[in-house]
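I have placed the structure first, in the form of structure tokens, so that the comments after it can refer back to it.
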Number of protein chains: 2
Amino acid sequence: MQRLDIKSALTRREAAKKPPEDKSPCSACSVRHLTVCAALDESELAEVSAISKTIELAAGGPLFDEGEKASNLYNVTAGTIKIYKLLSDGRRQVTGFLFPGDFVGLANESLYAYSAEAVTVCTVCRFSRRELEPLLDRHPKMERRLLGMASHELAAAQEQMLLLGRKTAKEKIASFLLSLSQRAQDRGQSGNPVTLAMSRTDIGDFLGLTTETVSRTFTHLRSAGVIVLHPGGKVEIPGINRLREISEGL
Amino acid sequence: MQRLDIKSALTRREAAKKPPEDKSPCSACSVRHLTVCAALDESELAEVSAISKTIELAAGGPLFDEGEKASNLYNVTAGTIKIYKLLSDGRRQVTGFLFPGDFVGLANESLYAYSAEAVTVCTVCRFSRRELEPLLDRHPKMERRLLGMASHELAAAQEQMLLLGRKTAKEKIASFLLSLSQRAQDRGQSGNPVTLAMSRTDIGDFLGLTTETVSRTFTHLRSAGVIVLHPGGKVEIPGINRLREISEGL
DNA sequence: TCTCCGCCTTGATTTACATCAATGGCAAAC
DNA sequence: GTTTGCCATTGATGTAAATCAAGGCGGAGA
């Protein structure tokens, strides 16, 4: 398990310069059909453009930290982001990975309940909460869509609780690979082979395992011929049906 | 860990007769300020009354099952309900306990993603999804409130992932007791002593532990003088600050 | 009142995974 | 080209919690 080293966290933060951009070409957004903005027509889209700002994040760059004032919301448009929570002694739980089309920053209370950090180079679309709320008031379609996305995330969170509380290491890794594969497919990318953009440590912190156990479990699945590990984090899954069985404990 | 025994589940289900009632005195609802309905004025409340129906559940009675068509939504008005998911071999993860004011049944897809079952005798308020949706369209306030509740649940789910993935048995039990205590207080009930309405098995299935470990951990906290176990599931917490420290791993 | 049964507790033993430790590969920095 | 440092892998050992096992207690029902 990764225990956060404060010094390295600061270094990482400094390293992550964010060169901001300015144009917001929502109507040309390639992942719009996956986002909150899917529900909008051209004129509504213009309103959204007016209050949104495109931002680039370097790999490792922080988007926001747990406990910070939740003044912005973000749409991921490119790259992979992780969200996580920490215990005071540095134990970490990654509670989700976000891909293009995903939405971050909903906070019922006024503070973020988790931290968000870029795993790869990322592009996100930023909205200030103050400006977005009146827009939601005027466009119930958008709010409905947001509620739908929140429900969907809630269901995913419950699935993840089942994984964390009751699955074995092998079942966890199998479920993780299948879920990544599915999400890649949903985005029109290859579901097989699937690319793992994140480190073994991040995977471990997502699945409630250590790096070593993650690595050993990959090795085990490889030996069993269920997966093939290629360079660049590419994982081929010749035994995808077998992987499905494993993920269910069969 | 409880592995679901089909026979006993059926017995339990038959045992749970639900004598339905008919009146819906929303305006007299004692937990309204905690629910979706908090946002509503008198005339809106009347509309809600018109499409809601009060239902009583015996202890152990099922509300709905995972995979069932999600045609209803429910507001809990009295009692405790558990929601859970199962693996095919019977391993169970309780993903939440619901108390008066809580809302169940949101399902983005058309099927419930989990099962819901009464822990104690319960009263719930039922809405059909078909009738509720147009009402939400007309009352954005209510939809906004629902989004707020969903965000809140999402934050709770993430906290629970941190617990499941990274906390020790002792930390899990401590966090659990504190969270129940807080929720009781939010409802104007005693936070100390706090009453545990659910069995050790349910607690274990919620925390990713076995009954035995739950029991041993309670014993350990009792020996340490942090809690006192009284009959009827009442837990007194003389060392509530100590319990806070324990829950954080200090 | 007695019996039964489910729930809780406690003890002995096992085990899946964590921890500790060492090494190799690769990419960035010098 | 060499060094540095991160990341992944693999092996040896330790341990928290699971599993297996045995009573005890209290409420429901005869």
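Chain identifiers are assigned alphabetically (A, B, ...) following the order of the sequence lines, protein sequences preceding nucleic acid strands; residue numbering begins at 1 within each chain.
Between A/Ser215 and D/dT9 there is a side-chain polar atom (N or O) within less than 4.0 angstrom of OP1 or OP2. In this model, the phosphate group of C/dT9 is not approached by any side-chain N or O of B/Arg216 to a distance below 4.0 Å at OP1 or OP2. In this structure, A/Ser199 does not reach the D/dC7 phosphate: none of its side-chain N or O atoms is under 4.0 Å from OP1 or OP2. Within the 4.0 Å cut-off from OP1 or OP2 of D/dT9, not a single side-chain nitrogen or oxygen of A/Thr219 is found. Taking side-chain N and O atoms only, A/Thr210 has no distance below 4.0 Å to OP1 or OP2 of C/dC17.
By the side chain to side chain contact (heavy atoms under 4.5 Å, CB included) test, B/Ser175 is found to be paired with B/Leu163, B/Lys167, B/Ser247, residues two or more places apart in sequence or in another chain being considered.
Across the protein-nucleic acid pair, A/Leu207 atom CG and C/dC17 atom P stand 12 Å apart, rounded to whole Å. Atom NZ of A/Lys170 and atom P of C/dA16 are 11 Å apart (whole Å). If you measure from atom CG of B/Leu209 to atom P of C/dC17, you get 15 Å, rounded to the nearest angstrom. The interatomic distance linking A/Ile227 (CD1) with D/dA8 (P) rounds to 14 Å, in whole Å. Per the geometry, NZ belonging to A/Lys172 stands 14 Å off P belonging to C/dA16, to the nearest Å. C/dT9 atom P lies 15 Å from atom NE2 of B/His220, rounded to whole Å. Between the CD atom of B/Glu212 and the C1' atom of C/dT9 there is a distance of 10 Å, rounded to whole Å. Atom-to-atom, CZ of A/Arg91 to C1' of C/dA18 comes out at 13 Å; the value is rounded to the nearest Å.
Environment of NE2 in A/His220: sparse, with no more than 12 heavy atoms of neighbouring residues, nucleotides or ligands closer than 6.0 Å.
Pairs passing the salt bridge (charged side-chain N to carboxylate O under 4.0 Å, His left out) check and including a residue from residues 152-162 of chain A, sequence neighbours excluded, read A/Glu159-B/Lys85.
Between B/Asp186 and B/Gln182, the side chains place a donor N or O and an acceptor N or O closer than 3.5 Å (distance only, hydrogens not considered).
In this structure, A/Gly233 reaches neither bases nor backbone, as no heavy-atom distance under 4.0 Å exists between it and the strands shown. Within the 4.0 angstrom heavy-atom criterion, no nucleotide atom of any strand lies near B/Gly204.
Cation-pi contact between A/Arg200 and A/Phe218: present, with separation from the ring centre below 6.0 Å and deviation from the ring axis of at most 45°.
Counting only heavy atoms from C-beta on, B/Arg200 has its side chain closest to C/dC8 among D/dT9, D/dA17, C/dC8.
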